[in-house]
Amino acid sequence: MEAFTHLFVCSFFFSLLRTSISQDSTITPNQSIRDGGTLVSADGSFQLGFFSPGNSKTRYVGIWYMISSETVVWVANRNAPLNDQSGVLKVTDDGFLVLLNSTNSIVWSSNTSRTAENPVAQLLDTGNLVVKDRIDDDPEKFLWQSFDYPCDTLLPKMKLGWNLVTGLDRFVSSWKSTEDPAQGEYSMRIDPRGLPQVVLMKRDSILARLGSWNGLHFTGYSGLRQNPIYNYEFVLNEKEVYFEYKLPDTSVFVRSMVNPSGVPQRFIWMDRTHSWEPIITAQLDQCAIYAFCGSYASCDINNSPVCSCLEGFLSKSPKDGDPVDRSDGCVRMTPLECNDRHKFLKRTGVKLPDTSSSWYNKSMTLEECEGICLKNCSCTAYASLDVRGGGSGCVLWFGRLVDISELAEGGQDLYIRMAISEPGRPEKKRHFSKKKLVAIIVGSTLLVVGMTIVGLVSYIWKKKLKNQEMTKRSQMKDNNNESEKEDMELPIFDMVAIANATDNFSNNNKLGEGGFGPVYKGILPEGRNIAVKRLSKNSGQGLNEFKNEVNLIAKLQHRNLVKLLGSCIQENENMLIYEYMPNKSLDSFIFDKAKSKLLDWHKRINIIRGVAKGLLYLHEDSRLKIIHRDLKASNILLDNNMNPKISDFGLARSFEEDQIDSKTNRIIGTYGYMSPEYAAHGQYSIKSDVFSFGVLALEIVSGKKNRGFCHSDHHLSLTGHAWKLWIEDRPMELIEDNLVADLCTLSNVLRHIHVGLLCVQQRPKNRPNMSSVVQMLSNESLLPKPKQPGFFTDSLEADSSSTKHGTCSANEITITLLEAR
Ligand code: ACK
C-alpha cells in the first residue's frame, strides 16, 4: 500500500549536512544562514536549510517538512545549484533575499519592487518563506514570498494562477528528476484565455486539461470534491484567477505535486505508517490526453476504439476501420448556414470542450445563454457555467469543439448547435397525416414481428453459446497452459512490454502483495496505468487460483468489477493485467483514522451500493453465475472517484443456474467475513457472499473491523455488537464517530445497518438475495426484522490459532486448507 509513497519518497536519499540547528523562524540583515544552519517555522511544521537530493553533490536551499525531511516542497536556487558547502543565505538592507557562493557572488536572489525600513525574512507555519517589513504582517504588503514562485509542490493556501494586474503567473513545475530540482518538462498551470482552466503542460504544449471550475469541481476532473479534510476555492474576477485548497484541520498534512514524469498527485501524511499516502493520482489515459480524438469527437475510455464522432458529425478521413481519424477529427454532415434554422443537440455526462476560445458570463440563465448563441453565427455550443443548484451562468464556444470525453461521474450537459435539417432527436412534436399514420402502424407491426423473430433466434443462439461455454470451461480445467492461452479470448501482453511498463518489476512500483504474489503498478506506452499481478514462481496453489481468475473474470464486464485488460503467460511467468485503481483498496480508507475522513456518507453509501450491484451482477446477471467467496474490504478497490470495484477472483466459483449450494472440504476465504455454514460445514452458496456483504456494509458504516473487534463491555464480534445495539434500539451508536449526518442521511445510514444485519443472519435462507439487497438499499420500502446474526460472538475466531481473545488484533489474510468441521 505504501509502494507509491516509496516511489517518490524513498528514491530521494538526502544528505542533509546539518551541523547546527537554529530554531529561529526569521533572519534579519545582520544575520545569515550558512550551509548546515536552518530556520524552523514557529509551529515546527517546516524547516529551511541546505540539502543535496539523492546522490547528487550539488547544494540547494530548500524548505521541507519537519516530519519528513526528505520531502522538499520548495527550492530557492533550483536552476542555479551550489557546487560546495560554502553557500550563505542573507537578507540585504533593502529587502532582497540573496544566496551567495564561495566567491561571494549572488547565485540566486528574490525580487521586490518596494523597499522596507526593517526587512526580515520569515518562514511561516504554512511553509511560505516571506520577506516583509518587521512590523507589518499584512500578506498584501509582503515584499516577496516563496508561495508566488512554486516549484513542484502546491501546498495548502498556495495560489495556483494569475494576478491579472501584475501579470504574475504562479504555476507548479516538475523537477527534472528525483535528483535534480531544476525546472522539468511538466507544469500545471491556469490557462487564463477564455474561461480559465487548469492544464497540465509538457514544455509549451497542453498535455491534459483538468478543465474549468464549474462550482463543484473541474469540468474534466470530478475527483476533486469538497470533503472534511480539505476544501477548494476557485477565484475568478478582474484582478485574479486562481485555485487554492485549504485544510481546516491544521494537524493534517496534505500536499499536491507534479512528479518528474508529469503525473499530478496529492498525498496525505499518515502518522501511523510515518509515510505519505497518495489520495489522488491523475489518470493520464488516452482520453485524458488533450484533444486525443481531434475536433467534434468524443473520447470514451470504456469503448474500443475510444474515439467517436459527435452525433451529426462524420470522420474527415476514416481509415483502418477506426471511426475517427484522430489527426483530422470530424466534420459536420450538414454544414451550418448563417440563419436561424438551427437547433441544439444536448449531450449529457461529458467533459466540456476546451474553453480557451470561449466566452462566459456568470449571471446569465441557460435560456439567455441559448438565445445569445443562436444570435451569433459562429457560436457552436453552449453550457452552464456553475452547475450547483440547477446550473447558472453561460459559456459559449466559437469554432471547433475539442477535447470532449465521456465521464462516468460529474460530467455536464453540452448543447451543440446543429442545422435544423440534421436528423437527430426531434425537438418538437410531429404531426402525421392519416396516410403516414397507417404507414407507421404497419411499419411498426412489421418491426415488432421482425424483432420478436430476431429475439428468438438470438435467444436460441445465446443458449447454444452458453452450453458451448460451459463445455469449454470444463475442458479448460484439464488443458495445459498453452491451450488455455487460446481459449481465454483475452488480450495477451508481451513479457517485454510488461517489464518495460513496470520498470522491470521494480520495488518502487510494487503496490503490495496479493493472495498469490506481488502486484505492480505499470504505465503502458500510450499512457494507460495498469496493475500487474505476478504469480509467485514458488506458489503451486496460486497457479490454480490464477487460472481460475482468468477463466472467470475474462468473461465479465461491470462498472463495479475491476477490469481485466489481459494476461501474460510466458515460460515461468503468469501475470494478470488489470486497470489501475488509483485509490487502491477500501480497507486502507475505512480502517484508517486520517483517511477515513475522506469518506463522507455520500461516498460510503455509494460504495455499499456499488458493491451490492457488482455482486448482483456476479450472482444473477453475468454470463456465468459466480460466487466470489472472498468478499472483504481489502478486495474492494476504489477508482479515481471512489467508485468501488470488486477484485480478486482467485477463489471464485461458477455455479449452475438451478444449483442452490455446494460443499467443499477445503475452507477458503477470510475469517471475519466467512458465513457460519461455510466455516463450519464447507457449504457455500450465493448466500455466503451475502453474509460477507453484510459484514462489509457494517464495517463501512462503523469504520471497525469485524474480526478482532474489541469492546470494553462485551466479547461480541462487530456483527454481534451491531445486533446488540439494534435490539437495544440504539443502532446510531454503531456509526463511525467522526461522521456527522443530517436527519435525512441518518435514516439512510440506519437503513444500511438494517440491510447489513439482514445479510448476516445465521440461517442462509433468511438472508436476502442480492437483487433484494439492491432494492432495499435504493428505496424506502418497509424492511423485514432481522434475526440474530451468525458468529454473534468471536467463537470461531477464538478457535483459530492466530487470534487471542481480548487482544483486539485482526489478521485479514485469506486462509486456505482448513478442513471443515
Ligand atoms: O490495498 P492496496 O494498496 O491495494 O494493496 C493491495 C495490493 O495491490 C495487493 O493486492 C493493490 N492492488 C491490487 N490490484 C490493484 C489495482 N488494479 N489497482 C491498484 N492497486 C491494486 C491492492
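Indexing begins at 1, ligand by ligand and atom by atom, following the structure's order. Only heavy atoms go into these numbers, but all of them, side chains included; no hydrogens, no water, no symmetry mates.
Of the candidates Val519, Ile636, Leu511, Val519 brings a heavy atom nearest to atom 10 (O) of ligand 1. When Leu638, Asp648, Leu637 are ranked by how near their heavy atoms come to atom 22 (C) of ligand 1, first place goes to Leu637.
Cation-pi geometry between Arg266 and Tyr245 is satisfied (NZ or CZ under 6.0 Å from the ring centre, within 45° of the ring normal). Because its NZ or CZ atom is both nearer than 6.0 Å to the ring centre of Phe505 and within 45° of the ring axis, Arg534 counts as a cation-pi partner of that residue. A cation-pi arrangement is absent between Lys202 and Tyr186, since the terminal nitrogen or guanidinium carbon is not both under 6.0 Å from the aromatic centre and inside a 45° cone about the axis.
In summary, the atoms of ligand 1 found under 4.0 Å from a heavy atom of Tyr580, numbered by their order in the structure, are 18 (N), 19 (C). Residue Ala531 approaches ligand 1 through these ligand atoms, each under 4.0 Å from one of its heavy atoms: 15 (C), 16 (C), 17 (N), 18 (N). With ligand atoms numbered from 1 in the order given, ligand 1 contributes 16 (C), 17 (N) to contacts under 4.0 Å with heavy atoms of Glu579. Atoms of ligand 1 lying under 4.0 Å from at least one heavy atom of Ser585, given by number and element, are 1 (O), 2 (P), 4 (O). Applying the 4.0 Å criterion to heavy atoms of Glu513 picks out, from ligand 1, the atoms 9 (C).
Between Lys705 and Phe591, the closest side-chain pair of non-hydrogen atoms falls below 4.5 Å.
Using a cut-off of 4.0 Å between Lys/Arg side-chain N and Asp/Glu carboxylate O, Arg629 and Asp689 are scored as not salt-bridged.
At least one N or O atom of Met581 sits closer than 3.5 Å to an N or O atom of ligand 1.
Cysteines Cys299 and Cys293 have SG atoms no closer than 2.5 angstrom.
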